[in-house]
Asks: 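One structure is given below, represented as structure tokens, and several questions about it will come after.
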Amino acid sequence: MTGRAGRRGHPTIQSALDEAARSFGETRILIAPGTYVEQLVVRGNVSLVAKEPGSVTIRSEAGPLLDSDGTVSLVALRLIADVGEGVVCRGGSLEAREIDVETRGPVTLWAAPGARVEARSSIFRGGRVLYSNASGTIENCELVDCPDNAIAVIDGARVGVRECRIERPRFSAVKVEAGSSVTITAGRFSSCAQTMVAVLGAGARADIEATIIEDTGTAIGFAEGATGTVRDVTVRQARHGFSSRSGANPTVSGCAVVGCVETGINVSERGAGTFRECVIQDAEAIGVFVKGDGAEAGQWGAVDVSGCTVERSAVGIAVEGAEARFRDVRLNRLRFAGIRLLADAAATFDAVRVSDTPVGLDARGKSTGTFTGATVIGCSALALSAVDEARIVIAQSVIADAGCGGGVQGTASLVLKRSELRDLESFGLIAMGTGTLVVEDSSLLRPGAIGVIGIHDAFLEVRDTTVTDAADIGFRVLDKCSGQILGCAVTAAAGLAVTKNDFVRVIGLTSALRTITTSSVSAQDAVVAHVTNIYNTPIFIGPVSGQVAVGNGSVEQVQQREGEVDERQP
């Protein structure tokens, strides 16, 4: 030992510590190489230093291995606790540098209330690092194989986690509870079945930057009123990328989420959040999923997504029973749909772009959606679909290069204003059931066989709209479809301007082509049969139950009627 009394030797580390405790000054204890089986109580201003780094092992057969209170420093030691805690700082400050702590108990390092603990370039194996109403930093450390949370920040603690590697925690790499906060910078966390960074409770906050998270349940989850920021984080192979629920409200920006099993961004149970300039790729289910639980609109804050890109997922954006706003969002090469609005969803979209996707927009239930400045290009089946009781308004938008333009079914409504549809394979717009289709001041250029179709008991209101180069008919109205076509124009080299029933008025039509009115034309004629087969997927006019497979090379259909046995037909 070197101290005020000069250089002396002690048979045990504890005997040296006992003498140091009686000293009023700083004491530095050098420990010779070897293995020491001791439980250490450290008091005062003391440094424990291995004489040769990595040569000293201190082992405890009954924890805690080291109990400190004062100003304590641990340098280049290996500490093994067979039972109980590894290192406990009950008060004052503790600095740990280049130590290796392993425990079979619940805690490798415990910062008790009021303590400050700094850990640098160290390894923690087994139990968690726990800060309880304490403060400090964990820097350039490794935490592996924790049977609990690798780092727990609770009871108002304030902790910085920098350049750390955390592997195989059972529950979380970092857990932050109510009233506590953590800053995570340049970490790398992997292999966790649950939530890698969990921020839970009112007043809980996490600020996370430049971190890589791989192979986990949820990468970063905020809940129960928690807040924080996430910047420049990369998530790979998670079940969910970012989660916000039960009143949480984080801000996430500049992040990349790749290969999620379910969702890239998941907001549910009255959660909120702001998500900016993020890229989500290859999500198996949904890129951005916002799901409500029937709470009053706006009660828990807003979901705001801007400048984000979703690619190669099954669905780009899905909103179900919740409010959300999307701005400048790009949805590319999706396997099923760009946007799905379900149940009581209420969403607004500004400057959204959907490309190379079977269905651009699919709105169902009592959902409402407003689209301004949208671009929907390359939808192989259908660009726009509104069914059930959905209400959709689209303005100043472009729909192009699609199998079909837009369809309305059930009691849904679709309003299209000051927009352009062009280069469609089959038809421009169709209204079925008792749906409502309103088109104002728009143009349909090369819309396929027919520009606008109305069948069943649908209602059409088409004003100041031009249909150019439809292959067969500009407007076709069948059955008891009603409404009016006002101030429109149809131009083409051949074909018909309008074929209609007795229930639709045509006023102020400009066209060199013929208009035909007939009461005998119905939805069962050849033209409509042709229209309803352009989706390249099953089309169901009536109620349907069971599963529908889309895009499979092999499908087995199972149908059973009352009183009959199963009939299986490949």
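Counting from 1, the numbers follow the sequence of the chain as shown.
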Asks: Would you sort out whether F275 and V267 count as a side chain to side chain contact (heavy atoms under 4.5 Å, CB included), showing the intermediate values?
Replies: CA-CA 11 Å; F275 303 88; V267 183; 3.8 Å; yes
Asks: With side-chain contact (heavy atoms from CB on, under 4.5 Å) as the test, pick out the partner of F242 among I280, I220, N266.
Replies: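 The residue from I280, I220, N266 that satisfies side-chain contact (heavy atoms from CB on, under 4.5 Å) with F242 turns out to be I220.
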Asks: Do S172 side-chain atoms and T195 backbone N/O form a donor-acceptor pair below 3.5 Å?
Replies: yes
Asks: Between E311 and Q281, do the side chains contain an N or O donor and an N or O acceptor separated by less than 3.5 Å?
Replies: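 E311 vs Q281: donor-acceptor pair found between side chains.
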Asks: I'd like to check T466 versus T491 (side-chain heavy atoms, cut-off strictly below 4.5 Å). Are they in contact?
Replies: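 Side-chain contact under 4.5 Å: no.
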Asks: Grab the two heavy atoms, one from T218 and one from T216, that are nearest each other, plus how far apart they are.
Replies: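 It is O-OG1, 3.5 Å.
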Asks: With side chain to side chain contact (heavy atoms under 4.5 Å, CB included) as the test, would you mind laying out the steps for L331 and V352 before giving the verdict?
Replies: CA-CA 8 Å; L331 310 170; V352 64; 4.2 Å; yes
Asks: May I ask you to decide if R276's main-chain N or O and S306's side chain share a donor-acceptor pair within less than 3.5 Å?
Replies: no
Asks: Stepwise, does the side-chain hydrogen bond (donor to acceptor under 3.5 Å, both in side chains) test hold for D215 with S191?
Replies: CA-CA 5 Å; D215 185 22; S191 303; 3.2 Å; yes
Asks: Considering residues, nucleotides and ligands other than R505, do more than 12 of their heavy atoms fall under 6.0 Å from its CZ?
Replies: no
Asks: So, do V257 and T263 sit near enough that their side-chain heavy atoms are less than 4.5 Å apart?
Replies: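 Heavy-atom side-chain distance check fails, nothing below 4.5 Å.
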Asks: Can you give each donor-acceptor pair under 3.5 Å made by side-chain atoms of residues 386-393, sequence neighbours left out, with the distance rounded to 0.1 Å?
Replies:
unit_1: D388; atom_1: OD2; unit_2: G365; atom_2: N; d: 3.0
unit_1: R391; atom_1: NH1; unit_2: E389; atom_2: O; d: 3.0
unit_1: R391; atom_1: NH1; unit_2: T411; atom_2: O; d: 2.8
unit_1: R391; atom_1: NH2; unit_2: T411; atom_2: O; d: 3.4

Asks: Any donor-acceptor pair under 3.5 Å linking the side chain of S313 with the backbone of E284?
Replies: no
Asks: K500 and V506: which non-hydrogen atoms are nearest, and at how many Å?
Replies: CD-CG2, 3.5 Å
Asks: Please check if the side chain of T357 supplies one atom and the backbone of L334 the other of a donor-acceptor pair under 3.5 Å.
Replies: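 A pair under 3.5 Å: yes.
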Asks: Once rounded to the nearest 0.5 Å, what's the spacing between atom CD of Q484 and atom CD1 of I507?
Replies: 5.0 Å
Asks: Got a sec, which pairs hit ring-ring contact (aromatic ring centres under 6.0 Å, His included) with one end in residues 337-376, sequence neighbours left out?
Replies: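 Non-adjacent pairs meeting ring-ring contact (aromatic ring centres under 6.0 Å, His included): F326-F349, F349-F371.
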Asks: Does R335 reach the main-chain N or O of R312 with its side chain, forming a donor-acceptor pair under 3.5 Å?
Replies: yes
Asks: Please check this pair: side chain of D479 against backbone of I455, looking for a donor-acceptor N/O pair closer than 3.5 Å.
Replies: no
Asks: Are L496 and D472 packed together at the side-chain level, in the sense that at least one heavy-atom pair is separated by less than 4.5 angstrom?
Replies: no
Asks: Quick one: do L200 and K175 satisfy side chain to side chain contact (heavy atoms under 4.5 Å, CB included)? Show the steps, please.
Replies: CA-CA 8 Å; L200 311 173; K175 182 179 181 181; 3.7 Å; yes
Asks: Regarding R231 and S253, is there a side-chain donor-to-acceptor distance under 3.5 Å anywhere?
Replies: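 There is no such pair between these side chains.
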Asks: State the CD1-CG distance between I450 and L424, to the nearest 0.5 angstrom.
Replies: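 Nearest 0.5 Å value for the CD1-CG distance: 12.5 Å.
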Asks: Could you grab the distance from atom CG of L429 to atom CG of L421, nearest 0.5 Å is fine?
Replies: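 That separation rounds to 5.0 Å.
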Asks: Just wondering, are more than 12 heavy atoms of other shown residues or ligands nearer than 6.0 Å to CZ in R340?
Replies: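 Correct, the count exceeds 12.
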Asks: For side chain to side chain contact (heavy atoms under 4.5 Å, CB included), just list the numbers for V408 and T436, CA-CA rounded to whole Å, side-chain angles, deciding distance to a tenth of an Å, and then say yes or no.
Replies: CA-CA 7 Å; V408 183; T436 298; 5.7 Å; no
Asks: Does a side chain donor of either T309 or R330 reach within less than 3.5 Å of an acceptor in the other side chain?
Replies: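 Yes - a donor-acceptor pair under 3.5 Å links their side chains.
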Asks: Just how far is it from atom CG of D441 to atom CD of Q396, taken to the nearest 0.5 Å?
Replies: 10.0 Å
Asks: Could you tell me whether the side chain of S419 and the main chain of S397 form a donor-acceptor pair under 3.5 Å?
Replies: yes
Asks: Less than 4.5 Å apart, any side-chain heavy atom of T183 and any of E209?
Replies: no
Asks: Report the distance from atom OG1 of T515 to atom CD1 of I485, rounding to the nearest 0.5 Å.
Replies: 8.5 Å
Asks: Over all heavy atoms of both residues, which pair between A494 and L513 is shortest? Give the atoms and the distance, please.
Replies: O-CD1, 4.0 Å
Asks: T229 pairs by side chain to side chain donor-acceptor pair (under 3.5 Å) with which of T274, T251, D207?
Replies: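 One option only clears the test, and that one is D207.
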Asks: For A314 and A285, work out which heavy atoms get closest and say how close.
Replies: CB-O, 3.1 Å
Asks: Give the intermediate values and the outcome of salt bridge (Lys or Arg N to Asp or Glu O under 4.0 Å) for residues D423 and R446.
Replies: CA-CA 5 Å; D423 298 316; R446 296 182 297 277; 2.5 Å; yes
Asks: Just by modelled atom types, is the G410 backbone N or O under 3.5 Å from a matching donor or acceptor in the T434 side chain?
Replies: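 Yes.
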Asks: For G483 versus F459, what's the shortest heavy-atom pair and its separation?
Replies: CA-CE1, 3.4 Å
Asks: C404 and L382: which non-hydrogen atoms are nearest, and at how many Å?
Replies: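 Closest approach of C404 to L382: CB-CD1, 3.5 Å.
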Asks: My understanding is that only one of D304, T372, D350 makes a side chain to side chain donor-acceptor pair (under 3.5 Å) with R327; could you say which?
Replies: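 Single side chain to side chain donor-acceptor pair (under 3.5 Å) partner of R327 among D304, T372, D350: D304.
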Asks: Just wondering, do R236 and I212 contact through their side chains at under 4.5 Å, heavy atoms?
Replies: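 Yes, side chains in contact.
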Asks: With a 4.5 Å heavy-atom cut-off, do C488 and L509 have their side chains touching?
Replies: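 Touching, per the 4.5 Å side-chain cut-off.
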Asks: Hey, does E461 have a side-chain heavy atom less than 4.5 Å from the side chain of E440?
Replies: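 The answer is no, as the side chains (C-beta and beyond) never meet within the 4.5 Å cut-off.
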Asks: Just by modelled atom types, is the A489 backbone N or O under 3.5 Å from a matching donor or acceptor in the T510 side chain?
Replies: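 Side chain of T510 to backbone of A489: no pair is present.
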Asks: What distance separates I377 CD1 from N332 CG, expressed to the nearest 0.5 Å?
Replies: 10.5 Å
Asks: Quick check: do C255 and V230 have side-chain heavy atoms less than 4.5 Å from each other?
Replies: yes
Asks: Among side-chain atoms of N249 and T227, is any donor-acceptor pair under 3.5 angstrom?
Replies: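 Absent: no donor and acceptor within the cut-off.
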